[in-house]
2 protein chains.
Amino acid sequence: MSPRVSEEHLKQRRASILKAATGVFIEHGYEKTTMKHVMDAAGVSRGGLYQYFSNKEDLFEAILEEGLNEEAEQSLASLKKSSTSYWHLLMQIIFGEDATPDTNMDPLAPSKLEFFITGRNDERRRAYGERRYEMGLKIYADIIKEGQQAGEFRTTHHADTIARSIITFIDGLALDHAILPEEKVRLKEQSELFVQYLNYALIGADSSS
Amino acid sequence: MSPRVSEEHLKQRRASILKAATGVFIEHGYEKTTMKHVMDAAGVSRGGLYQYFSNKEDLFEAILEEGLNEEAEQSLASLKKSSTSYWHLLMQIIFGEDATPDTNMDPLAPSKLEFFITGRNDERRRAYGERRYEMGLKIYADIIKEGQQAGEFRTTHHADTIARSIITFIDGLALDHAILPEEKVRLKEQSELFVQYLNYALIGADSSS
DNA sequence: AATAAAAACGACATAAGTGTCGTTTTGGGG
DNA sequence: CCCCAAAACGACACTTATGTCGTTTTTATT
């Protein structure tokens, strides 16, 4: 009675599968990728793959979960550097470290949209999507509320409504970006305009930065 | 040599299939519906169905095309009643006849999103999506430009960028609405906030209507 | 080295959907 | 009333993906 098998290097294998799978999902999208694709990309057999993940949905959720952890860390890190202002903090969370609209997007975003849209009639998937939405919503809403309490943001609008609008806008951009070629979306211009919008809703002045 | 078969009642059958298919797509979404579903819903045999539509994609595009015609008519009709103002016209096109944000959404919208997202790697589908995007864009952009030329709208922003943002916002709402339950999206509140901003961006005043 | 637990493998049985094609039915013209 | 083109049918062959399961290979412990 001793754990005769390998140790925590199961983690490595699992991670390697997850990494390969991520690449596959990025390339083919959620619906179109098959376990075969993942097997080939990860260099693992059918049985081997199923030992770690019982199906595609399970696999994809594992990837989502990973991303969630990273995000959580990052936003926490940002929060700690929030010395400047709530506005800057908000920009950081939306646009990343440099707090400025750029042309980068999560390459997995299209697959995520697929995952939730095509699964919208599935009880479980729907509930999962809602949980994630709530989490994202809370992050934005909390900051806005704090900013309002600190007097930095005006209280003309409900923090909640504005937070929802942020998500809606980001989702819209992700969607358009998934479907249309780079040139047609104009990520940067639209983001800048959106920042102005936020500035208008939160501060009221006309200088966005 | 005489057209021995039925006459324009082919149209009726085609229309009836299309109608049934629309219902199926609304219920199951694009990816999940099968030709079998449509066959059953339309009360037509496999061979019969394939006589009218060579596959699911063909079928769905036929539905899209139908909608496009209706839209074109409607927006044209609206255009003719544009006596009031460009602002009102814009609101009408975005929110429909009564020009006010409500809670209604195209029930087929989720399936449309699916169709274009899952097909984003398909040359043909992608091109089709882009064409539709351009069409929508043009409608908004033209009105905004006209409004600017007429002096009703200010020219602070490119009409094009604003038009793109309108589409992005609508897409975002459609996406969230597809995934989340009614209560969580807050269609109305979000739309009202967006309208306020549009008003601000196009006119500058703070009274939205 | 021996060994045993379990990790990895891959063939297989199953399931589901697709598009075709030969046959049957139908309806309008002769 | 007959006829035949084509409309409608539905069985079929094919394809593709899934998840399981008995077998083989590792690998850490003894």
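Reminder, nothing fancy here: chain letters follow the sequence lines and each chain counts from 1. Keep in mind the model is a prediction, meaning the values are calculated, not measured.
Between Arg164(B) and Asp176(A) there is no salt bridge, since none of the side-chain N atoms of the basic residue sits less than 4.0 Å from a carboxylate O of the acidic one.
Contacts of Glu189(A) classified as side-chain hydrogen bond (donor to acceptor under 3.5 Å, both in side chains), with partners at least two apart in sequence or in another chain: none. In this view, Glu182(A) and Thr103(A), His177(A) satisfy the side-chain hydrogen bond (donor to acceptor under 3.5 Å, both in side chains) rule, not counting sequence neighbours. For Arg120(A), the salt bridge (Lys or Arg N to Asp or Glu O under 4.0 Å) partners at least two apart in sequence or on another chain are Glu114(B). By the ring-ring contact (aromatic ring centres under 6.0 Å, His included) test, Phe60(A) pairs with Phe25(A), Tyr30(A), Phe115(A), sequence neighbours left out.
With Glu61(A) as the fixed residue, the salt bridge (charged side-chain N to carboxylate O under 4.0 Å, His left out) test singles out one of Arg125(A), Arg124(A), Lys56(A), Arg132(A): Arg124(A).
Within residues 13-47 of chain A, the residues that place at least one heavy atom under 4.0 Å from DNA chain C are, in residue-number order, Arg13(A), Val44(A), Ser45(A), Arg46(A), Gly47(A).
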Are there any protein N/O atoms within less than 3.5 Å of an N/O atom in nucleotides 22-26 of chain C, and if so, which ones and at what distance?
none

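Separating the CG atom of Leu10(A) from the C1' atom of dT26(D) is a distance of 12 Å, rounded to the nearest angstrom. For the pair Lys56(A) NZ and dA17(D) P, the interatomic distance rounds to 10 Å; values are reported in whole Å. Following rounding to the nearest Å, Leu49(B) (CG) and dA7(D) (P) show an atom-to-atom distance of 15 Å. To the nearest angstrom, C1' of dG19(D) lies 13 Å from CG of Asp58(A). As a whole-Å value, the separation of Gln51(B) CD from dG10(D) C1' is 13 Å. What separates CG of Leu59(A) from P of dT18(D) is a distance of 11 Å, to the nearest Å.
Side-chain atoms of Tyr50(A) lie closest to dT18(D) of the nucleotides dA8(C), dT18(D), dG19(C).
For the residue pair Thr118(B)/Glu31(A), the side-chain donor-acceptor check at 3.5 Å is not satisfied.
Note on ring orientation: taking the six-membered ring where Trp is involved, the planes of Tyr200(B) and Tyr200(A) are parallel (angle under 30°, cut-offs 30° and 60°).
One finds a side-chain N or O of Tyr52(A) lying less than 4.0 angstrom from the OP1 or OP2 phosphate oxygen of dA8(C).
Here the two rings, on Tyr197(A) and Phe194(A), have centers that are under 6.0 Å apart.
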